[in-house]
Amino acid sequence: MTVSRASGSVTFPASFMLVAAQNPCMCGYHGDPERACTCSSSAIARYQKRISGPLLDRFDIQVNVPRVKFEKLSSEQGGESSETIRQRVCEARLRQQARFRGKRLRSNADMGPSEIRAYCVLDEAGQDLMKAAVRHFSLSARGYHRVLKLARTIADLAGREHIGPDLLSEAIHFRSHRVE
Amino acid sequence: MVLHDYIMAGHLRNKRLNRGLRIFRFYRTLGRRSEGNEGNEGKGDTMLAKVLSCAINGLEGMLVEVEVDIANGIPAFTVVGLGDTAVQESRERVRAAIRNSGLSFPTRRITVNLAPADVRKAGPAYDLSIAVGVLLASEQIAGDVSRSVFIGELSLDGTLRHTDGVLPMVAVAREQAIDTVYVPYEDAAEAALVEDLTIVPVRTLADLVAHATGERPLQSYLPEHAFDYDEVTYPVDFQDVRGQEHVKRALEIAAAGAHNVLMTGTPGAGKTMMARALMSILPPMTLDEALEVTKIYSVSGQLPRDTPLVRQRPFCAPHHTTSLAGLVGGGGAAGCGQGWSPWPTGGCCSWMSCRSLAPSWKSCANPWKTAS
């Protein structure tokens, strides 16, 4: 990214992954099953509009984080350790590196339209599903490409060569989350 | 009216007087110089030395030629070549450091040029090269320095201080086929990240002079150990997060493909905790990535002294009220001024609760695109 100031402009490397967290409304409890939200509907709409459309469109994964139940919270059983998850992530990245060998790409998120055409091929059932998703969620062109890239990553994690409709539907699911 | 004329006349008279004085001084200097030249024929009394140093522009280093000319005339010490205040003040540091190292500072007309003269130079990293140039030009030391680079800030007592941006400077030195780089002692480990180059750690200016005269040669730096990716520790582990299996799955996918994530949820549900835990599942950085991140830390002066190579992906959590300038760096100078935070390269960035995000972000929708 290039920073221009009075004394000149300078280009810095700026490759990053954005993880954002937000509340669903001003009081924070909209959609919560246990605590009532005190915001008016117009206040909620105003609050949610604070993330602009263009910005929202760039989040490949949108996910709701609900309240944790007491039983889960107090249970002794933890989930998987980061170590185990990291190994799966590394394997998926290795598959991507093998695919992008000789190119200046590092991960699936960096893919351009030509790479998407080459590596994110859908079968017929996938095509139908995608068509329905674009229509139903009124996906933008960028949104369409991002869903395909996400599906590619899910396939890489699963260690599969082809993007089946099951993987694609998970990618679409991550795209369509929004508290109504 | 009368008073005004009177003042103006006085002013003009002073101006003329000053101008006359300047012209007189100029010719007097010229006269002295030519007299001197006649005196020592063949030898000449202006002496010139050229020493190499480095400038930083953004993250890229650039070789700078420090030319030091010592001539007869009214004693003066000027530094030209678009240096900032720190560069101008290096005159005082160099003068004191040379004196306090048991050497003599020539009381003659010293001109230092930092070439190329159209590139802005900032910071105290030129101190050592200017001091070496003065010592060479005044023939207190001798030697061929055409394939050496000198980097370091001088203290008044002649010791070399830690200097920011050593890594990118040494990297450019290797690109330009330089043999030896002299760096402050405490920056040697950082400089040694660049291979195929001799790094000479210098403690004091006196040590360097003893090295140049062959009295006490300095040892070049040998890295103590090869760079192994020893266990990096993370603040939060996914094991500590109860429930939220679908969010963990989402973050795993995000880490696998470097996708952006937006988490929406009630306060206290664990959004921030999981964003922090994301660091622990990202693949370790490659050496190239680590070097690039280390360069950013080095230039911005935030490299921890005891860790020459940053192995952990940088994580930065800007508050939602931060401004654009606060995020990418503000002020008059483009680059890493004071308080500039290392840009999160190849890492992850967490935006806490995007309350007032929209207005300031609308205008910068495009910077999302990563520059490679």
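Naming: A, B, ... by sequence-line order, numbering from 1 per chain.
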Original post:
Any side-chain heavy atom of B/L251 within less than 4.5 Å of one from A/I85?
Top reply: no
Original post:
chain A: which of B/K271, B/R242, B/K295, B/Q244 shares the most heavy-atom pairs with it under 4.5 Å?
Top reply: B/R242
Subject >> Nearest atoms (heavy-atom pairs only) where B/H246 meets A/P66 >> reply: CE1-CD, 3.6 Å
Subject >> Pair B/R249 + A/E170, salt bridge at N-O below 4.0 Å >> reply: yes
**OP:** Provide the closest heavy-atom pair for B/I253 versus A/F174 in the form atom of the first, atom of the second, distance.
**Re:** CD1-CE1, 3.4 Å
Original post:
If you look at every heavy atom in B/V247 and A/V65, which pair is closest and at what distance?
Top reply: CG2-CG2, 4.0 Å
**OP:** Please list, in residue-number order, every residue in residues 67-74 of chain A that has a heavy atom less than 4.5 Å from any heavy atom of chain B; write 'none' if there are none.
**Re:** A/R67, A/V68, A/K72, A/L73
**OP:** Using heavy atoms and a sub-4.5 Å threshold, report which of residues 163-170 of chain B line up against chain A, by residue number.
**Re:** none
Original post:
What residues form a side chain to side chain donor-acceptor pair (under 3.5 Å) with A/E115, not counting sequence neighbours?
Top reply: none
**OP:** For residues A/V19 and B/A275, report the shortest heavy-atom separation together with the two atoms involved.
**Re:** CG1-CB, 3.9 Å
Original post:
Which one, B/A254, B/G268, B/P267, B/G243, leads in non-hydrogen pairs under 4.5 Å with chain A?
Top reply: B/P267
Original post:
About how many Å separate CD of A/E83 and CZ of B/F238, when rounded to the nearest 0.5 Å?
Top reply: 13.5 Å
Original post:
Just how far is it from atom CZ of A/R93 to atom CG of B/L282, taken to the nearest 0.5 Å?
Top reply: 6.5 Å
**OP:** Would you mind checking which part of B/K248 comes under 4.5 Å of any heavy atom in chain A, side chain (CB onward), backbone (N, CA, C, O), both or neither?
**Re:** side chain
Original post:
What option among B/E245, B/M263, B/M274 has the most heavy-atom pairs under 4.5 Å with chain A?
Top reply: B/M263
**OP:** Answer yes or no: is there a side-chain heavy-atom contact under 4.5 Å between A/S81 and B/S280?
**Re:** no
Subject >> Best-contacting candidate, A/S82, A/C37, A/G79, against chain B by heavy atom pairs under 4.5 angstrom >> reply: A/S82
Original post:
Which atoms form the tightest heavy-atom contact between B/A250 and A/I61, and what is the distance?
Top reply: O-CD1, 3.4 Å
Original post:
Between atom CE of A/M17 and atom CG of B/N260, what is the distance when rounded to the nearest 0.5 Å?
Top reply: 7.5 Å
Original post:
Under a 4.5 Å heavy-atom cutoff, which of A/Q87, A/E91, A/R146, A/E80 has the most pairs with chain B?
Top reply: A/E80
If you look only at distance, which donor and acceptor atoms sit under 3.5 Å apart when one is on a side chain in residues 150-161 of chain A and the other is two or more places apart or in another chain?
residue: A/R152; atom: NH1; partner: A/Y119; partner atom: O; Å: 3.1
residue: A/R152; atom: NH1; partner: A/E161; partner atom: O; Å: 3.0
residue: A/R152; atom: NH2; partner: A/D156; partner atom: OD1; Å: 3.2
residue: A/R152; atom: NH2; partner: A/R160; partner atom: O; Å: 3.2
residue: A/R152; atom: NH2; partner: A/E161; partner atom: O; Å: 3.3
residue: A/T153; atom: OG1; partner: A/N108; partner atom: ND2; Å: 2.9
residue: A/T153; atom: OG1; partner: A/K149; partner atom: O; Å: 3.2
residue: A/T153; atom: OG1; partner: B/H259; partner atom: NE2; Å: 2.6
residue: A/D156; atom: OD1; partner: A/R99; partner atom: NH2; Å: 2.5
residue: A/D156; atom: OD2; partner: A/R99; partner atom: NH1; Å: 3.3
residue: A/D156; atom: OD2; partner: A/R99; partner atom: NH2; Å: 3.1
residue: A/D156; atom: OD2; partner: A/N108; partner atom: ND2; Å: 3.0
residue: A/R160; atom: NH1; partner: A/D166; partner atom: OD2; Å: 3.1
residue: A/R160; atom: NH2; partner: A/D166; partner atom: OD1; Å: 3.3
residue: A/R160; atom: NH2; partner: A/D166; partner atom: OD2; Å: 3.4

**OP:** Considering non-hydrogen atoms only, spot the tightest contact between B/G265 and A/N23 and give its length.
**Re:** O-ND2, 3.1 Å
